[in-house]
Structure formats: structure tokens, C-alpha cells
Asks: 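I'd like to ask some things about the structure below.
Heavy-atom basis, side chains included; hydrogens, waters and symmetry copies ignored. Chain letters run A, B, ... following the sequence lines, proteins first, then strands; residues in each count from 1.
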Number of protein chains: 2
Amino acid sequence: MEDSGFIENSRTQMRRGVLEYSILLILDRDDEYASTIIRKLKDVDIIVVEGTLYPLLIRLKNMGLLNYRWQESTQGPPRKYYMITEKGRAQLRELDAAWSKLVQSIESIRTEKL
Amino acid sequence: MEDSGFIENSRTQMRRGVLEYSILLILDRDDEYASTIIRKLKDVDIIVVEGTLYPLLIRLKNMGLLNYRWQESTQGPPRKYYMITEKGRAQLRELDAAWSKLVQSIESIRTEKL
DNA sequence: TTTGAATACCTTGTATCGCAAGGTACTGAA
DNA sequence: TTCAGTACCTTGCGATACAAGGTATTCAAA
């Protein structure tokens, strides 16, 4: 790996850490299908591709955190709209806490409360 | 994977994302050897074990972001004190920016600036 | 009616990386 | 000289994001 690959790599790892969290946050607001989720994440510079998202959605669905319904589209094949379940919301609240804690932790290191 | 393994798993992934960043932050303040780094991270609830840290320090050293010197200990074998390099500091500044951006991104999703 | 472009969903193979577990080596005290 | 404590390092495994490629549906244009 060459030089500034390090930064890109590190950035990628940071993004990975919040992927599941981000998706649950988005679906907590509205039901969405894959392309919209990808676009919304991209809008805030969290780049995700299909090959990452589909297996992840399926995993979350199998864990009972998400569900989906098929919905017709005016142009193109039907879409799989994912929605968050009650169980998903419960987990989301825990992830909220975990994220806040992590932000605090980093802040502690930065300000030398060690 | 069973039920609340999800949260623990997600927490772990979040931590992973900031590991390199955390280590550079710590070494930006003082030179440290492995055990101290592990303790400082643990103090802010970022759990890391030896098997994770050693390869990581070696990788950062090979990339020229860190250096080390041997230093005697009053009890036990000599210690490998790691210190950050100029190059390391430069990359750290970029990670600072990347981290701030990510915190902003999550905040955007949470507050619906989508 | 058939072809092709656009859209959507999914799978496979690969590389990375953290972690559990286990190994080596140095030190000082019993 | 043996043992406990400390420190450094490696190996094998599992999880997972991503690149690349595949299938299916729709609609419009030829």
C-alpha cells in the first residue's frame, strides 16, 4: 500500500464502523429502498456500494431489525422497501448510546483526560 | 450470531474505525510503550488487546508514521517506546479532519438534513 | 414484436484486519 | 536455579466491505 493510501484506508474503516448505525438511522425516519439509502449516505460523504448494502440489509432483516415490502415503481422493476421494526428501534437506541460514548472517548483522548 | 451480539458487534466495529486515529492521538502527546497505550485506551472504554496492537504499531512504523526506541525498565525486560514522526503528525491532522467530518455526517443524518 | 437501455436485486471471490491463543525472552526475587 | 512477572511477537480464524459480474423486470423505440 502506498503512502497516502493510509488516510483513505483509515477513512474507510471509520465509515465502516458506522454503517449499520447510519442505515438504521435513515430507516428510522422513512422506509426506503436500496438506491435511496445509497444516495442519502453519499450525500453526507459516506460512500457505500450495492455489493456492501444488499448483504447488510439482508443480515439486518434476518436478525429481525428490519422488514421489507415490495412496491411498484413507475419506471422499472418493483422495489424492495425496507422498514425498521420495533426490535430495530430498540437496538438503534443502544447504538445511539454507543456512538455518543465513542465521540466522548475520542474527545477525552484529544483533550488529555487520561 | 445471537440476538444482542449485534450491539456488541457494532460497538466493536465502531471502535475499529478509530483505532489508528486513537493511537496517533495518544502518541502525539507522549511517547509510550504498548501496555500504556492499551491502558489509556481502556480508560476511555476502547478495548484493545496485544494481538491487535502489536501488528498495528509495526504497520504504522513501517509506513513511517511512527518510530521507536528501546528503554530500560526498573522491573522487567526493556520496553519499546513508540513516538510519532513528522509524517505521522501530518497524517494525524488529516485524520482529525476525517473524524470531524464523520461526526458531522452522522449528525446530519440524525437531524434530517438529507 | 423484438431489441436495448435503464433500473433493481443479488452472489461470488478476494483482501483486510481484529482477536484468541500460544510462544519466546528478559528480569529479579525466592 | 527456578519461578513469577513483564514485555514483545506470530499464527490461524472469522467477519465483512468491496469489485466484479449475473439475473430479472420494465418500457420505449425500431
Asks: Could you go through the side chain to side chain contact (heavy atoms under 4.5 Å, CB included) check for B/Phe6 and A/Lys87 one step at a time?
Replies: CA-CA 12 Å; B/Phe6 169 71; A/Lys87 186 170 170 186; over 6 Å; no
Asks: A/Glu8 CD to D/dA17 P: how many Å, rounded?
Replies: 16 Å
Asks: Quick check: on DNA chain D, is the nucleotide nearest A/Leu56 upstream (toward 5') of the one nearest B/Gln75, or the reverse? Name the residue that is more 5'.
Replies: B/Gln75
Asks: Let me know the distance between CZ of A/Phe6 and P of C/dC17, rounded to the nearest Å.
Replies: 10 Å
Asks: Choosing from C/dC9, D/dT25, D/dA17, which nucleotide comes nearest the side chain of A/Pro77?
Replies: D/dT25
Asks: Take atom CD of B/Gln71 and atom C1' of D/dT6, then tell me their distance rounded to the nearest Å.
Replies: 15 Å
Asks: Main chain of A/Tyr82, side chain of A/Lys61: is a donor-acceptor contact present, judged purely on distance under 3.5 Å?
Replies: no
Asks: By the 4.0 Å heavy-atom rule, please label A/Ser73 as base, sugar-phosphate, or nothing.
Replies: nothing
Asks: Just N and O in the side chain of A/Tyr33: are any of them under 4.0 Å from OP1 or OP2 of C/dC9?
Replies: no
Asks: Would you kindly say whether A/Asp96 and A/Tyr21 are connected by a side-chain donor-acceptor distance under 3.5 Å?
Replies: yes
Asks: If you assign A/Tyr81 and B/Val48 each to the DNA chain C nucleotide with the nearest heavy atom, which residue ends up on the more 5' nucleotide?
Replies: A/Tyr81
Asks: Please tell me if A/Arg16 has a side-chain N or O lying less than 4.0 Å from either OP1 or OP2 of D/dA17.
Replies: no
Asks: On DNA chain C, compare the nucleotides closest to A/Gly51 and A/Gln13; which residue's is nearer the 5' end?
Replies: A/Gly51
Asks: Counting any heavy atom closer than 4.0 Å, what does B/Glu50 reach on the DNA or RNA strands: base, sugar-phosphate only, or nothing?
Replies: base
Asks: Between B/Leu53 (CG) and C/dA20 (C1'), how many Å, whole number?
Replies: 15 Å
Asks: To the side chain of B/Asn9, which of D/dC8, D/dT16, C/dG18 is closest?
Replies: D/dT16
Asks: Taking only Lys NZ, Arg NE, NH1 and NH2, and the carboxylate oxygens of Asp or Glu, determine whether A/Arg15 and A/Glu8 approach each other closer than 4.0 Å.
Replies: yes
Asks: In whole Å, what is the span from the CD atom of A/Glu20 to the C1' atom of D/dT16?
Replies: 10 Å
Asks: Take the protein atom CE of A/Met14 and the nucleotide atom C1' of C/dC17, then report the distance between them rounded to whole Å.
Replies: 16 Å
Asks: Within this structure, what is the CD1-to-P distance between A/Ile38 and D/dA17, rounded to whole angstrom?
Replies: 13 Å
Asks: Which nucleotide sits closest to the side chain of B/Val49: C/dA20, C/dT7, D/dC18?
Replies: C/dA20
Asks: Could you work out which one of C/dC9, C/dT11, D/dG5 sits closest to the side chain of A/Ile58?
Replies: C/dT11
Asks: Nearest to the A/Thr52 side chain among D/dT25, C/dC9, D/dA17, which nucleotide is it?
Replies: D/dA17
Asks: Taking for each residue the nucleotide of DNA chain D with the nearest heavy atom, is it A/Arg15 or A/Glu72 whose nucleotide lies nearer the 5' end?
Replies: A/Arg15
Asks: Counting N and O atoms only, with roles assigned by atom type, does the side chain of A/Ser73 sit under 3.5 Å from a partner on the main chain of A/Pro78, one being a donor and the other an acceptor?
Replies: no
